[in-house]
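Some notes on the structure that comes next.
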Amino acid sequence: MFCQARCSSWLAAPKHPLASRSYAISVKPAQILPGKKLPRVFKDKKAFQYNWYRRILDGSKEGPLLILHHHQFSANRLVKLRRDILAAASRTTSPSLASAAIPATPVAQPTLTAIRTSIFGAALRDFPGIDLAEADKMIGESTGNFAVLSLPTFDPPQLNAILRSLERGVPSRPPKTPEEIKKELEEKNADPATPGRRMKRQRQILHPELKLVGALVEGRVFLPQSVKDVSKLPTLDTLRAQIVGLLSAPGSQLAGVLSQASGGQLARALEGLKKGLEEDAAASNGAPPS
């Protein structure tokens, strides 16, 4: 009876394959369903994920939070991507005399986290100060798998090195030509080479794709081009040095003039100034200079 019930239910099931669901990060206001209340309260695993994502978003006030869209990434490929990010971040660390010693506290490193889009969208909507219109524009119509890369501090050279590492590690694929699309359809719809025999199982060839969707920097939404522009800025120490140089430039120029006019040069400079004033006064009165 049990086998008959299972077989009948299997025969009654539809013969079409299950359609894969495409998830997206939604920042639109939640809809009030019958019997549900707002704000939504998560429980158990979802509550843990929601609080975890809120902590990640809070960290964007200190360091940039990159939002990435990935496709066809295996576990080993994700491990390699994390290693490439850590290697790029370590190359931009400025050397010091204390670098050879063991640090008292471990240095914070960039963290790549695969996210659950529905819970992350709810955490993003509740993030204080977020511009939901800009966030919706940043995400657009992207669906599928997402990940976030949180950086410990705002360091433009480090951000630039990580972006370059992502571009080199996962280069963007050119769009398929009409000939390639036509060839794939013909191979898909073609009859098997040996009809009536079981087809040999082939391992799927994965072509990883990675795209920068945007970023959160100090709680503000940045589009991909703006993120690249921010990565080209100098460091905070460099900006401070430039400001100090601009403020000290007039004083150093005045000190240079006074040093050149020291001793006999100062007397000659004053004598030349006196003659110039006398000539100007004589020219204005019409009398020849003495």
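No experiment lies behind these values; they were computed from the predicted model shown.
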Is the shortest heavy-atom distance from the side chain of [X] to the side chain of [Y] under 4.5 Å?
X	Y	value
Tyr53	Arg116	yes
Ile162	Leu151	yes
Phe127	Asp58	yes
Glu134	Arg220	no
Asp126	Arg54	yes
Asn145	Thr117	no
Leu216	Pro64	no
Val227	Asp229	no

(Q) Go through it in stages, so that I can follow the logic: the residues are Lys137 and Leu223, the test is side-chain contact (heavy atoms from CB on, under 4.5 Å), and I'd like the CA-CA distance, side-chain angles, deciding distance and then a yes or no. (A) CA-CA 9 Å; Lys137 180 180 178 182; Leu223 298 179; 4.1 Å; yes
Nearest 0.5 angstrom please: [X] [atom1] to [Y] [atom2], how far?
X	Y	atom1	atom2	value
Glu180	Lys182	CD	NZ	13.5 Å
Phe120	Ile56	CZ	CD1	7.0 Å
Glu184	Asn189	CD	CG	11.5 Å
Ser142	Ile67	OG	CD1	10.5 Å
Ser60	Leu65	OG	CG	5.5 Å
Asp84	Arg82	CG	CZ	12.0 Å

Are [X] and [Y] connected in the hydrophobic side-chain network, where two residues link if heavy atoms are under 4.5 Å apart?
X	Y	result
Val170	Leu206	no
Phe154	Ile130	no
Met138	Val230	no
Leu81	Ile115	no
Leu149	Leu86	no

**Q.** side-chain contact (heavy atoms from CB on, under 4.5 Å) partner of Leu112, the single match among Leu68, Val148, Leu66
**A.**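 So, applying the side-chain contact (heavy atoms from CB on, under 4.5 Å) to Leu112 and each of Leu68, Val148, Leu66, only Leu68 qualifies.
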Q. Is it the case that more than 12 heavy atoms not belonging to Glu62 sit under 6.0 Å from its CD atom?
A.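 Result for CD/Glu62: open.
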Q: Look at the rings of Trp52 and Phe48 and say which category their plane angle falls in: under 30° parallel, 30 to 60° tilted, over 60° perpendicular.
A: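 Judged by the thresholds at 30° and 60°, the geometry between Trp52 and Phe48 is tilted.
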Q: Measure across His69 and Phe146 and return the closest heavy-atom pair with its distance rounded to 0.1 Å.
A: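 Taking every non-hydrogen atom into account, CD2-CZ, 3.7 Å.
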**Q.** Arg77 versus Gly169, closest heavy-atom pair with distance
**A.**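 Result for this residue pair: NH2-O, 2.7 Å.
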Examine distances only and state if a side-chain atom of [X] and a backbone atom of [Y] form a donor-acceptor pair shorter than 3.5 Å.
X	Y	answer
Arg164	Ala88	no
Gln72	His207	yes
Asn51	Ala47	yes

Q.
Quick one, Thr113 with Thr111, criterion side-chain contact (heavy atoms from CB on, under 4.5 Å). Give me CA distance, side-chain angles, the key distance, then yes/no.
A. CA-CA 6 Å; Thr113 306; Thr111 305; 3.8 Å; yes
Q: Go through the structure and list residues passing ring-ring contact (aromatic ring centres under 6.0 Å, His included) with Tyr50, not counting sequence neighbours.
A: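 Testing Tyr50 for ring-ring contact (aromatic ring centres under 6.0 Å, His included), a comparison that skips the adjacent residues, returns Phe42.
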